[in-house]
Structure formats: C-alpha cells, structure tokens
Amino acid sequence: MQPSASAPVRCGLMARSAPLALLRDAGRVTVLSAPPGSGKTMVLRSWIATDDLAGRVAWVSAPRDAQRFWISIADALRGTAAGSALVRPLTPALGLDGWAVVERLLADLAPLREPVWLIIDDMQDLAADALHQVEQVVLRAPPDLRLVLASRHDMRLGLHRLRLEGELTEIRAADLRFTVAEARDLLTGAGVRLSDAALARLHEQTEGWAAGLRLAALSLAGCPDPERSADQFSGGERTVAEYLLAEVLDRQDERARRLLLRTSVLDRVNGELADLLTGGSGGEQILHDLERGGAFVVSLDAYGSWFRYHRLFAELLRRELRRTARDDIPALHAAAATWLVEHDCPAEAVRHMHELPQAPMLPEPLTGSEARVLHYLPTHLTAAEIAQQLHLSVHTVTTHLRHLYAKLGAHRRHEAVDQARALGLLT
Ligand SMILES: Nc1ncnc2c1ncn2[C@@H]1O[C@H](COP(=O)(O)OP(=O)(O)OP(=O)(O)O)[C@@H](O)[C@H]1O
Ligand SMILES: [Mg+2]
C-alpha cells in the first residue's frame, strides 16, 4: 500500500504536508492568493487544527461592511489568550472610524510578547478603505503579531518592503494544487476508489484544483461505475459546471463573459486574438483583470501576453458557447486560423482549420508548412518570393504548393484559392 500523502484532521478535512510546511516556515506576514476553490480556507483550518493553534489564532472572514470588519477583528483578537488581556472591546457606534480603530489596536497590541496569528480570509471582499487600513496594521504591527491574508486574487497592498526584508511569504495556486497522492486521499475519504490510471487522468483534468477534485469525489461516490465516470469527468460535469458558472462566469461583466466564451475555441489567447474574436477592444486588459481576479485564467509567459484557461473551465466555456452561439463557431475558428498563420503559428492554425465543418472534405489534413504557404496564395507573390518571405528554399515551397494543390483538388493557383475559401481555410 502506498503511504498516505496527508493526514485526516477531522471528517472530510485533510492536512496537506506541502502547504502546511509553507505556513509553518512563514515570515511575519503570509499572503495566500489563489482562485476560488483552491483550498485556501481549508489549508488554514487544517493548520490551526494540526498545530493546535486554537487559543493563538484570531480568524476573521472579511465582511463588506468596514465597521463590522473592525469589530470582528477586535473580538477575534480578544478571543486569543494573549489578546484577551490587551485588546479593548470595540462596540458599534455611529461614525466608528477605521483609521482611529487601527491606531487604537496598534497601541493595544504594542506590549504583545507571544505569537498571535491574525488570519483575514476572503480579503477580496474588503472595501478599498479597509484594505488600506489593514495595510497599516500589517506594516506597523508588533513582531509577535503574525498576519495571514487570504484572497481570491492579488491585492494592491504595499508590501514590497516586507518582501525585500524577507518578512513576506507568498502562497499561490501552484503551491495549493493537490498532488496525485493527495487527490487519492481525498477520493478515498469520500469512499471512491480508482485505478492509478483513472486517478492520474482525473488529476490531469482537474489540474489538482481542490474544488474540482472535491466535486469529482461527490459525483463519483454515488456512481455505480466510478472508473468509467472518472474518465468522462470534465468541465461539462453538472456539479462543476454549476460551481464554475456561479462562482466565476456569472460574476463577470458582459464584455468579459463574451471574451471568455468566444476565445474558448483557442488553446491559448492574447489580447489581439481576443479583440479579433470578440470584435471589440481592450481584450488584453480584460485578460489581465480576469487573471488577477482569479477567474481560472492562467498567464503563460513572464510578460503576461499569452493566457490560457483552466482546463475544466475551458470545457465549460466551450459547452456554453455551443449552447448560446453555435453558428458563430466556424467563423471563430477561421478567424483564429488566419491570425495564427499570419503570426507564424502554423501548427496551431491547422488545428483550427480541422475544426471547420468543411474540413473533413479535404482528402488529407494540411500540414503546418502547407498552411503557411496557403496564406500567401491570394497574394501576387511568386513561389520564389514566398520562399524568401518564409526563409525557405524555392524547391521546398514548390513541393508544398504541389501538395496543397493535390489536397485541394486544384490545378491552378486561382482554383486553389477558390477551393480554400470555399472550405473556410482562407478568409
Ligand atoms: N485540505 C482539504 N481537505 C479536504 N477538502 C479540501 C481541502 N482543501 C480543499 N478541499 C475541498 O475543496 C473545496 C474548496 O476549498 P476552499 O473552500 O478551502 O477553497 P478556497 O480557496 O478557500 O475558495 P474560496 O476563494 O471560494 O473561499 C472545499 O470545499 C473542499 O471540499
Ligand atoms: Mg475560502
């Protein structure tokens, strides 16, 4: 039997060793920033339970109302052993001023000489003012007040100085991703047993996303053939779809929703492609906002120009697109193919060409190189000039042209262009 990757803390809650180690070794301030359902709250709960921190932790789930927020912080701090003697109670009062509360709390906590953890969960719900007030607490708190701030997306907190001083620990989606072994434990805990192969596929599908795995466990637990169902588990699964729809898609404004749906035909997306497929503008900004907003949009490069969607989310988006705008799909693939050929991504372009409804009429699919040459056919460039543009030999280009004509059933260049247009391979 394989050793367990995690220990059950209590019914349904697992202590996961890697994120727990990060929390234990953390500096004075820890920021947990990961999309909905990544396991932020659960990892914090399991940490408190396994390390027996109950009397030393003040836990607040950020409400939108600033007055209630500060009252619950004072109450939570007073609930700890060390804080009970130091922190004065705060009562609701008309015009209770957050900035004044911060000064008072800092003064009360100044004599603190043993570690107390203040955990603020769901920070994304805090109003801007309260966020700045929290920032003041973070920057000026006594050394023994440890802060853990959890949020669905990165917050604009001025914590660079802490980062430079090594006082800041950052825990992100990649750190919270379930390993295969943890996924197995989660499923076993729900009474679901899968073969290694089925488990590996499920893990790949969900990308180790906690909520996805949990939802899979729920749906597989009541299922007569979990092995088979696990194979079919995808973003289309009803429970995941409902969760994602409610949590992510429904919260986006109309422009972002349109962008997500229409670009779901792509394997990866950048601002230009997004604008092309939506017929709008500002796609790059929307993608950045979606990524920062924890909307299952993952940046693929350091410059933040290419993005992709979490696999389960992408499947759900494609399903929604089929439901709501099925007729637009071929045009989206055709536009994507053209853009990708123009931008030197022929292999990706061919994938889109194959999605076109007429594509099966080709006796054999085009190769990436043929797609690149095809793109030049409607121009007046000669084979030699095309070769120059593509940094290929004339011989190679003529070979591609010969194959292209054969596949398109054409004898002349204009026939090849007409046929490619009819098939949607050229716009
Ligand atoms: N350590 C764990 N043990 C058992 N289940 C877990 C664990 N971590 C996550 N899960 C499952 O994943 C779900 C989502 O986790 P959690 O609520 O912690 O996510 P979150 O990142 O706090 O999400 P949100 O941003 O929506 O608050 C949980 O409801 C639970 O079913
Ligand atoms: Mg949470």
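Sequential numbering from 1 along the given sequence is applied to the chain's residues. In listed order, ligands and their atoms are each counted from 1. Any value given below was found using the heavy atoms of this structure, including those in side chains, with hydrogens, waters and symmetry copies removed. It should be emphasised that the depicted structure is a prediction, and the values quoted were computed from it without experimental measurement.
Ring geometry for Phe313 versus Tyr309: interplanar angle over 60°, hence perpendicular rather than tilted (30 to 60°). Ring geometry, Phe296 versus His310: the interplanar angle exceeds 60°, so the pair is classed perpendicular (tilted spans 30 to 60°).
Put simply, no part of Val43 is less than 4.0 Å from ligand 1, judged by heavy atoms. Taking a 4.0 Å cut-off on heavy atoms, Ala34 fails to register as neighbouring ligand 1. Ligand 1 lies within reach of Gly37, whose nearest heavy atom is under 4.0 Å from it.
In this comparison of Arg45, Arg214, Met42, the heavy atom closest to atom 8 (N) of ligand 1 sits on Met42. The nearest non-hydrogen atom to atom 25 (O) of ligand 1, considering only Lys40, His153, Glu182, comes from Lys40.
In this structure, Val60 and Ala76 approach most closely via the heavy-atom pair CG2-CB, 3.8 Å. Here the shortest heavy-atom pairing between Leu249 and Glu320 reads CD2-CG, 4.3 Å. Taking all atoms of both residues into account, the shortest heavy-atom contact from Ala337 to Ala349 is O-CB, 3.5 Å.
For the pair Asp108/Arg88, a side-chain contact is recorded, criterion being any heavy-atom separation below 4.5 Å from C-beta on.
Per-residue contacts place Leu186 under 4.0 angstrom from the following atoms of ligand 1 (heavy atoms of the residue considered): 4 (C), 5 (N). Shown in contact with Arg16 at under 4.0 Å from a heavy atom are these atoms of ligand 1, numbered in order with element: 1 (N). Distances below 4.0 Å separate heavy atoms of Ala211 from the following atoms of ligand 1: 12 (O). Short contacts between ligand 1 and Ala210, defined as distances under 4.0 Å to a heavy atom of the residue, involve ligand atoms 9 (C), 12 (O).
At the shortest separation from atom 4 (C) of ligand 1 among protein heavy atoms lies Gly12 O, 3.0 Å. Remark: minimum distance from atom 1 (N) of ligand 1 to any protein heavy atom is reached at Met14 O, 2.9 Å. For atom 26 (O) of ligand 1, the closest non-hydrogen atom on the protein side is Arg152 NH2, 2.7 Å. In terms of protein heavy atoms, atom 22 (O) of ligand 1 is closest to Thr41 OG1, 2.8 Å. Nearest protein heavy-atom neighbour of atom 19 (O) of ligand 1: Gly39 N, 3.0 Å.
Side-chain atoms of Glu170 and Ser33 include no donor-acceptor pair closer than 3.5 Å. In summary, the side chains of Ser61 and Asp121 do not present any donor paired with an acceptor at a separation below 3.5 Å, with no hydrogens or angles considered. Between Gln133 and Trp70, the side chains place a donor N or O and an acceptor N or O closer than 3.5 Å (distance only, hydrogens not considered).
Other residues, nucleotides and ligands place more than 12 heavy atoms under 6.0 Å from the CZ atom of Arg24.
When heavy-atom distances to ligand 1 are checked against a 4.0 Å cut-off, Asp122 comes that close only through its side chain, counted from C-beta outward.
Residues satisfying the ring-ring contact (aromatic ring centres under 6.0 Å, His included) test with His400, not counting sequence neighbours, are none.
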**Prompt:** Where do Leu118 and Val148 land on the side-chain contact (heavy atoms from CB on, under 4.5 Å) test, with the steps shown first?
**Reply:** CA-CA 6 Å; Leu118 172 58; Val148 182; over 6 Å; no

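Taking the ring centre of Phe178 as origin, the terminal cationic atom of Arg16 falls inside the region bounded by 6.0 Å and 45° from the ring axis.
Shown here are the protein N/O/S atoms lying under 2.8 Å from the Mg ion (ligand 2), water excluded: Thr41 OG1.
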